[in-house]
Amino acid sequence: MANIRIHDKQFKPFISADEIRKKVTDLAGALNKDYEGKNPVFIAILNGSFIFAADLFKALTIDAEISFIKLLSYKGMKSSGQIITYIGLDTELFSRHVVIIEDIVDTGKTLNEFLPQLEHQQPASLKIVSLLHKRDAAMFPIKVDYVGFEIPDKFVVGYGLDYNGLGRNTASIYQLLE
Ligand code: IMP
């Protein structure tokens with residue numbers, strides 16, 4: 001496979017479509033086993049996770065629901081930091097088994113700020129499945145329960161992940177060429 005160019009940067013092939021397919025099948029297998037009879041609610045975080053979420057959800061054989069949310073960050077009136085909120089959740093989470101679907105967990109900041117808002121609804125359980133995890137970049141105490149690939153702390157695109165809006169529409173994942 002050849003390198004690709006997005007905006008001003010070059011990316012090299014990193015994880016093939018075939019490897020992704022196999023990993024998605026493995027992750028779905030684990031979820032099918034762990035959530036049998038629990039009718040879990042999957043919550044996919046847009047935009048990045050849309051392709052992974054679709055492939056993962058297709059590979060589930062158990063009864064399961066899915067909802068798509070978008071995170072919004074804004075400056076709080078008094079806080080100097082960013083506050084993260086979400087839109088689009090159309091399901092009550094109280095006493096439900098909830099699984100967050102992420103494309104990538106990098107520093108863990110996003111989930112660290114967002115998860116307490118879901119915990120507030122008192123789900124029966126709350127777990128995370130992420131296709132990619134940059135463990136070395138972790139700055140916040142987020143436990144990713146189901147990890148597809150542990151990857152180095154380098155920028156990646158493809159299979160839903162973007163670089164400034166472009167690069168989401170590839171079947172494989174590419175890594176920044178330095
Ligand atoms: P975190 O809050 O640092 O864990 O970052 C989470 C979000 O940053 C992900 O959901 C992605 O949208 C974005 N992100 C982090 N690393 C990458 C990358 O290598 N490529 C594309 N997007 C990334």
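Whatever order the structure lists them in is the order used to number ligands and atoms, beginning at 1.
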Relative to ligand 1, is Leu161 under 4.0 angstrom through side chain, backbone, both or neither, heavy atoms considered? side chain

Once rounded to the nearest 0.5 Å, what's the spacing between atom CD1 of Ile15 and atom CG of Leu131? 6.5 Å

Lys134 heavy atom under 4.0 Å from ligand 1: yes

Is atom 8 (O) of ligand 1 less than 4.0 angstrom from at least one protein heavy atom? no

for atom 15 (C) of ligand 1, nearest protein heavy atom and its distance come out as Asp106 OD2, 3.3 Å

Report the member of Val144, Leu71, Asp162, Val156 with the shortest heavy-atom distance to atom 20 (N) of ligand 1. Val156

Examine ligand 1 and decide if any of its atoms is less than 4.0 Å from a heavy atom belonging to Gly108. yes

Could you identify the single nearest non-hydrogen protein atom to atom 23 (C) of ligand 1 and state the distance to 0.1 Å? Ile104 CG2, 3.9 Å

Taking salt bridge (charged side-chain N to carboxylate O under 4.0 Å, His left out) as the cut-off, I'd like each qualifying pair that reaches into residues 84-100, sequence neighbours left out, listed once. Glu65-Arg96

Which ligand 1 atoms does Asp103 reach within 4.0 Å, using its non-hydrogen atoms? 10 (O)

Between Glu19 and Phe14, which heavy-atom pair has the shortest distance, and what is it? OE1-O, 4.3 Å

Give the atoms of ligand 1, by number and element, whose distance to some non-hydrogen atom of Thr110 is under 4.0 Å. 1 (P), 2 (O), 5 (O), 6 (C)

Distance to 0.1 Å, residue and atom name: give those for the protein heavy atom nearest to atom 3 (O) of ligand 1. Thr107 OG1, 2.5 Å

Distance from Asn164 atom CG to Lys9 atom NZ, nearest 0.5 Å? 9.0 Å

A side-chain contact here means heavy atoms from C-beta on lying under 4.5 Å apart; do Leu132 and Tyr159 qualify? no

Count the heavy atoms of every other residue, nucleotide or ligand shown that sit under 6.0 Å from CG of Asn39, and state whether that count exceeds 12. yes

Decide yes or no for Phe114 and Ile100: does some side-chain heavy atom of the first lie under 4.5 Å from some side-chain heavy atom of the second? yes

